[in-house]
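Just below is one structure, and these are the notes that go with it.
Just so it is clear, the structure is predicted and the values come from calculations on it, not from any experiment. Naming convention: chains lettered A, B, ... in sequence-line order (proteins, then strands); numbering from 1 in each chain.
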Amino acid sequence: MSTAQAPAAAPANPFAQDVDERLPPPSTLVLFGATGDLAARKLLPAVYDLLADGRLPERFRLLAVVRPNHDEASFRAHAREAIDAHARRPLDERLWDALEPRIGVVVGDHGSSELFDALAERLDAGDEEDGEPSQRLFYLAISPAFFAETARKLAAAGLGRGADPPTRLLIEKPFGHDLASARELNAAIDESFEERQVFRIDHYLGKETVQNLLVLRFGNGIFEPLWNRTAIDHVQITVAEDLGIGHRAGYYDGAGALRDVIQNHALQLLSLVAMEPPASFDANLVRDEKAKALHAVRALDPARDAVGGQYTTGWIGGEQVPGYREEEDVPADSRTDTYAALRVEIDNWRWAGVPFYLRTGKRLPLRTTEIAIAFKPAPHQPFTGLDGPPPPNELVISVQPNEGATLQIAAKTPGTALRMRPVQMDFQYGTSFLRESPEAYERLLHDALLGDATLFTRADEVEAAWRIVDPVLAAWADETSDEPQPYAAGSAGPACADELLAADGRTWRPL
Amino acid sequence: MSALAGAGASDARERSEWRGEDVSASEVAERLMALNREHARHEHGHAATRTLNLLVAPADDVAPDALATQLAGLADRHPSRTIVVREHAAPQLDATVAIDCTIGSGAGSAGHCHDMALLVAEAETLAHADSLVRPLRVAGLPTVLWLPGTRASHAQDPLATLADAIVLDSASASGAALPAAFERAAALDVARVRDVAWLRLRRWRRHVAARFDDPEALALLACIDRVELRSCAPQQASALLLAGWIAARAGWAIDRLTPEAHGWSGSARRSDGGTVEIALGPPQVPDLTGIHALALHAGHETIALRAPVAAPNPARAFAAALGMFDTATPGYAPALAGLLSAMREAA
C-alpha cells in the first residue's frame with residue numbers, strides 16, 4: 001500500500017454549478033489567412049456574433065497574421081467591413097468599439113521563421129499587458145499545403161506540443177488528398193502538436209441539423225429501436241449544389257466531387273447516422289463511435305459501387321450555363337468528377353444488408369443537403385384492391401437550406417372509400433423555433449475556445465474516410481479508365497447513377 | 001356575437017378573429033378549432049407553429065394594450081397557443097379567439113401562425129380557471145403559466161396546477177415592494193418558477209463563474225469582506241438576486257438587508273464568522289442600464305467585474321423563461337431563500 005499522500009484537491013469553483021453555459025477562459029485567436037475569403041465571410045463575423053451573444057471571454061484578443069501591405073488600422077477597417085457585410089447581426093457601434101481594440105496584427109509571411117518568433121513575443125506581450133496568460137488558438141485559414149510547415153514553425157517557436165499557456169491548432173479540410181497524404185499530414189502535425197490540441201474543422205458538423213441528428217437519434221425513444229437493418233431498407237445521403245465551380249477551378253480541378261464532398265461532409269453524415277450510441281457525449285467517446293462506423297464500411301469496388309460524372313452545358317433556373325470543361329481555367333480535356341455517387345455497405349450487426357447511397361454534385365437542379373432514411377414497407381398490406389400499397393415510411397433530415405426533419409406516413413384520405421396517400425409530419429427549424437440558429441463557425445469557434453472537440457474530426461476518422469474513397473480515386477485517376485459520365489447541368493446527375501440504385505430495385509429521391 | 005373575419009393588420013401580418021359574449025367554454029373551444037380549420041382551408045402557405053401552451057393570468061393592474069404588445073413580441077421566439085385569462089365584474093364569460101400569421105418574405109420562406117384565446121370572467125369563475133382552460137390546451141405540448149404584474153390574479157392558483165413552469169418577473173416591483181415580490185415567488189413551487197429577474201443574470205452569472213475559474217480569485221473568496229453592486233433602479237431585483245446567489249454559493253448567511261434611498265444595504269456572515277458588508281447602489285455614471293458593476297473586496301484586494309459586453313436584448317431573458325419548461329433554474333432557490341430570510345428578519 002502506498003504511503004504517499006495525495007496532493008490536496010484544488011477547491012472547486014462554487015459558482016460553476018449554476019451556470020448553463022461556461023465562458024471560455026482568457027484566449028487569443030491567431031488568424032493565419034486573416035485577409036482571405038474564409039476569414040471575411042465566416043470567421044470575423046463569427047467572432048463578432050459570439051461577442052454580441054456574450055459568449056467571448058472578458059479577456060479575448062484577435063491577432064491577425066497579415067502581409068506587409070496591411071497594418072493594424074487597415075486590418076481593423078477590413079474586419080469592420082467584413083463584419084458589416086456578413087455577420088448575422090447588424091454592426092452595432094457599441095460592440096464594435098468593444099471589439100476593435102482587441103484586434104491586433106502581426107505582419108509577416110507565414111513562410112518565414114521570423115514571423116513565428118515575432119508572434120510568440122507578441123503573444124507574451126499581450127499576456128503581460130492583461131496580467132494573466134491566455135490560451136492561444138491558431139486558426140490556419142490558409143492553403144492546406146502550408147498546414148504542416150506552419151504547425152512545425154509554431155512548435156519551433158514554443159507554441160506547439162507542451163506549450164504553456166496551452167495552445168490549439170485549428171485546420172480546415174481538405175486534410176490530405178488521399179490516404180497516404182492524409183497520413184503524412186497527420187504525422188507531420190503530430191510531430192508539432194498533440195492530437196488533443198488539433199481541431200480539424202468540417203463545418204457541416206457545426207450545423208444545427210447535424211447536431212440535431214444526434215438528438216433525434218439518442219434523445220427520442222421511438223427512433224433508435226428502428227435504427228437498424230430490421231426496420232430500415234436503405235439510406236440516401238445527398239449533398240447537391242446548383243452552382244458550378246465559380247473561380248475555384250485551380251483547386252477544384254485537382255480535387256473533384258469525391259474528394260471535395262464525399263470524403264468529408266458526406267462520410268461525416270454517414271458516420272453520424274450509422275454510429276452506435278456513445279456512452280456519453282464526451283468528445284473522444286463520440287468520435288470513437290464515428291470512427292468505428294467508418295472502419296466498418298466494406299471496401300468499395302469502384303466498377304460496381306461508384307459513379308463519377310461531369311456536367312455539360314444545360315439550363316438552371318431559366319439560365320443556360322456552360323459545361324464544366326467550358327468553365328474558366330478548366331482544361332478542355334479535364335477528367336475531374338463534378339458528380340460522385342457511391343453505394344456503401346457497413347459490415348456490422350446493425351447495418352448488415354442496408355445500403356447507404358451517397359451522392360454529391362455541382363450544377364444539380366437545386367441546392368440541398370439531406371439524409372433520407374427509407375424504412376421497410378409494412379410486412380403485410382391488408383388494403384388490397386386500392387391504388388397500390390402506400391409508399392414506405394421515410395424520415396428525411398434536411399441539413400440545408402431548410403433545416404428540419406420530415407416523417408412521411410400513410411394516411412386515409414377523407415371520404416367513404418378507403419383510400420390512402422402519403423402525408424408529411426414536418427418539423428422545420430424556421431417555423432418551430434423562430435430564433436435564428438448560430439452559424440456553424442460560431443458554434444465551432446466557441447467549442448474550440450472551450451476545448452470541446454466533439455464536433456471536430458479526429459485524425460483516425462480522417463484516415464478512415466480516405467480509406468473508403470481511396471480505391472475509387474485510384475481507379476478514376478487511371479488514364480485508361482472511362483471518363484466521368486456526362487450529365488446536363490440542371491439534371492439530377494448521370495444516368496449511370498440511377499443504375500447504381502436500379503440494380504437494387506431502388507431509385508434516388510427526386511431532386 | 002361576431003362573425004369569422006380575416007383581416008390584414010399590416011403587410012407583414014394577418015389576423016383572423018372571432019369574438020363572443022356570454023359564451024360557454026365549450027363554444028370557445030369549438031370556435032378556436034373552427035378558426036384553425038378555416039385558416040388551413042385557405043391554404044395561405046403558413047405553418048401552424050406552437051412550441052407550448054402559454055397561459056397568461058395578468059394582475060388587474062396590467063393594462064390590456066401593454067400585455068398585447070408583449071404577447072406579440074413573444075411569438076418571435078416561442079410561438080404558442082396563448083390563453084389569456086382576465087377578470088371582469090359581469091357574471092358571464094366573454095371570449096376572443098384569433099389566429100395571427102406572419103407572412104413569409106420572399107420565395108421559399110414559410111409564414112407561420114399561432115393562435116390565441118382571451119377569456120374574461122368574474123372572480124368566482126376564475127377560481128376554477130383550470131376547468132376553462134383544459135379543453136383549449138394543445139395536448140402534448142408543455143404548459144407555461146405567465147403571471148404579469150405584481151399582484152396575484154384569482155386565476156393564478158388554479159392555473160398553476162396545470163403548469164410545467166411558472167413565469168414571473170420580480171423586477172416588476174422595486175424598493176420596499178421587493179420583499180413581497182420575492183415572497184410571491186417563494187409561495188409558488190420554486191422549482192417550477194422561472195423568474196425573469198433571475199434569468200436576466202445569465203450573462204452575469206457566467207461572468208462571475210468565469211472569474212472564479214482563476215485560482216487566485218478563488219483563493220480570495222474566503223476573505224471577501226465587502227460586496228458592492230451598481231445597478232439602475234429597475235434592475236434592483238436582479239441585483240439583489242445576484243448578491244443572494246453569490247452569498248449562497250460562497251457559503252455566507254445574509255443576516256441583514258434593508259432598503260435605502262438609492263439601493264439596499266446589508267451584511268452577511270462568512271462560514272469562518274467574518275462579516276461581509278453588502279451594498280447595492282445606483283450606477284456611478286447616469287443613464288446606464290442593467291447591472292453595471294460588481295466589486296468584491298477582500299482587504300486591499302478587489303475583484304472587479306464590469307457588465308459583460310454583448311448586444312442588448314431585453315426580450316432574451318423573458319424568452320429564456322418561456323423556454324425553460326423542462327429544466328430547473330439552478331441557484332435561484334438558494335439565492336431567493338437567503339434574501340427572504342434576511343428581509344423577513346428586517347421586517
Side-chain angles (χ1 to χ4, degrees), chain A residues 10-27 48-60 87-99 101-102 131-133 219 317 366-368 401-402 404 426-436 449-450, chain B residues 46-51 74-79 102 104 108-114 199 201-219 221-222 245-246 248-251 305-313 316 319-320 323-324 327 329-332 334-335:
Chain A
N13 176 351
F15 303 106
Q17 61 186 301
D18 299 326
V19 178
D20 55 349
E21 192 178 290
R22 302 303 306 278
L23 282 179
S27 307
Y48 173 81
D49 282 319
L50 284 172
L51 177 78
D53 263 347
R55 288 193 161 81
L56 286 184
E58 193 181 9
R59 295 191 199 286
F60 173 82
R88 277 194 297 129
R89 294 177 178 76
L91 186 71
D92 177 318
E93 290 299 337
R94 193 181 66 93
L95 290 176
W96 173 251
D97 288 348
L99 181 61
R102 302 181 189 194
E132 62 179 329
L366 52 89
R367 173 177 171 253
T368 186
N402 297 315
D426 209 14
F427 155 65
Q428 297 291 322
Y429 268 89
T431 56
S432 295
F433 302 106
L434 302 183
R435 62 195 295 182
E436 245 182 302
L449 286 165
L450 286 169
Chain B
H46 300 146
T49 306
R50 301 180 197 105
T51 58
L74 282 184
D76 290 344
R77 277 183 182 250
H78 289 284
T102 301
S109 71
H112 50 85
C113 303
H114 53 104
L199 293 169
L201 293 171
R202 287 169 102 184
R203 284 176 179 163
W204 262 107
R205 284 185 284 125
R206 281 182 206 154
H207 205 38
V208 170
R211 194 72 186 88
F212 283 94
D213 279 338
D214 173 9
E216 285 181 21
L218 193 57
L221 188 59
W245 175 64
I246 291 170
R249 289 312 182 207
L305 289 103
R306 301 279 299 277
V309 175
N313 189 347
R316 179 189 286 267
M324 299 180 76
T327 54
T329 48
Y332 178 65

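- B/Arg206 contributes no side-chain N or O that, together with a main-chain N or O of A/Asp20, makes up a donor-acceptor pair within less than 3.5 Å.
- Other residues, nucleotides and ligands place no more than 12 heavy atoms under 6.0 Å from the CZ atom of B/Arg306.
- Every residue meeting the side-chain contact (heavy atoms from CB on, under 4.5 Å) condition with B/Ala248, not counting sequence neighbours, appears here in chain and number order: B/Pro334.
- B/Ala209 and A/Val19 make their closest contact through CB-CG2, 3.5 Å (heavy atoms, listed as atom of the first residue, atom of the second, distance).
- Heavy-atom minimum distance, A/Leu95 versus B/Ala310: CD2-C, 3.5 Å.
- Chain B forms more heavy-atom pairs under 4.5 Å with one residue of A/Leu50, A/Asp92, A/Asn13, A/Asp49 than with any other, namely A/Asn13.
- Counting heavy-atom pairs closer than 4.5 Å to chain B, the top-ranked of the candidates A/Pro401, A/Ala52, A/Pro14, A/Pro57 is A/Ala52.
- Across B/Leu305, B/Thr329, B/Asp213, the residue that shares the most heavy-atom pairs under 4.5 angstrom with chain A is B/Asp213.
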Which is it for A/Asp18 and B/Arg205 under the salt bridge (Lys or Arg N to Asp or Glu O under 4.0 Å) test, yes or no, and what are the steps along the way?
CA-CA 8 Å; A/Asp18 299 326; B/Arg205 284 185 284 125; over 6 Å; no
side-chain contact (heavy atoms from CB on, under 4.5 Å) between B/Arg202 and A/Glu21, intermediate numbers included:
CA-CA 9 Å; B/Arg202 287 169 102 184; A/Glu21 192 178 290; over 6 Å; no
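- Heavy-atom distances place the side chain of B/Leu221, and not its backbone, under 4.5 Å from chain A.
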